Amino acid sequence: MVVAFFVAVVLYGAVTLVFLILSSAELLDSGLSTPTSLASVLVTSLFWPVTLVAMSLLVIFQALCERASRKTYAPALRLVHRSN
């Protein structure tokens, strides 16, 4: 039981580190790194499961809203009509 706990802690820490490295590298590349944004990256990377679920729900919600607002259009007319 103790071994499983430590394996889970190491896995959680590894994923947190990956999120932290990638997010801070993106901020530095974009030139938008400020102390506030870097602190936000740290908090987001520590709570990555919550962030992952929240972002997934956001993407799903946006896709559903986009699909609902899209009008159904008639197919485009062909310029050439072939008849046999």
Side-chain angles (χ1 to χ4, degrees):
M1 187 70 151
V2 174
V3 173
F5 174 76
F6 284 118
V7 168
V9 167
V10 167
L11 182 64
Y12 190 88
V15 173
T16 299
L17 191 59
V18 168
F19 267 83
L20 182 62
I21 290 169
L22 292 177
S23 298
S24 58
E26 182 179 345
L27 274 177
L28 290 173
D29 284 344
S30 67
L32 300 173
S33 62
T34 62
T36 305
S37 63
L38 289 174
S40 172
V41 164
L42 178 66
V43 170
T44 305
S45 65
L46 287 175
F47 299 107
W48 63 265
V50 176
T51 304
L52 195 61
V53 169
M55 288 298 152
S56 298
L57 290 175
L58 179 71
V59 167
I60 290 170
F61 183 71
Q62 285 179 344
L64 290 176
C65 287
E66 181 180 309
R67 185 178 296 159
S69 68
R70 213 182 302 163
K71 295 180 182 178
T72 55
Y73 293 106
L77 296 174
R78 292 176 148 182
L79 295 177
V80 178
H81 181 70
R82 297 182 186 186
S83 62
N84 292 333

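None of the values given here were measured: they were computed from a predicted structure.
Under the 4.5 Å side-chain heavy-atom criterion for grouping Ile, Leu, Val, Met, Phe, Trp and Tyr, Phe19 is not connected to Leu42 through any hydrophobic cluster. Hydrophobic cluster membership differs between Leu46 and Val53, with clusters built from Ile, Leu, Val, Met, Phe, Trp and Tyr side chains linked at under 4.5 angstrom. Taking hydrophobic clusters as Ile, Leu, Val, Met, Phe, Trp and Tyr residues chained together by side-chain heavy-atom distances below 4.5 Å, Val41 does not share a cluster with Trp48. Val43 is connected to Leu38 through a chain of hydrophobic side-chain contacts under 4.5 Å among Ile, Leu, Val, Met, Phe, Trp and Tyr, so both are in one cluster. By the rule that hydrophobic residues join a cluster once side-chain heavy atoms approach within less than 4.5 Å of another member, Val2 and Val9 end up as members of one cluster.
Residues in residues 18-27 take part in no side-chain hydrogen bond (donor to acceptor under 3.5 Å, both in side chains) pair, two or more places apart or across chains.
Between Leu32 and Ser37 the shortest heavy-atom distance is O-OG, 3.3 Å. Between Tyr12 and Phe47, the shortest heavy-atom contact is OH-CA, 4.0 Å.
Atoms CG and OG1, on Leu52 and Thr44 in that order, are 12.0 Å from each other to the nearest 0.5 Å.
Grouping Ile, Leu, Val, Met, Phe, Trp and Tyr residues whose side-chain heavy atoms lie under 4.5 Å apart, directly or via other members, leaves Leu28 alone, with no other cluster members.
Listed by chain and number, the residues in a side chain to side chain contact (heavy atoms under 4.5 Å, CB included) with Val18 are Leu22 (sequence neighbours excluded).
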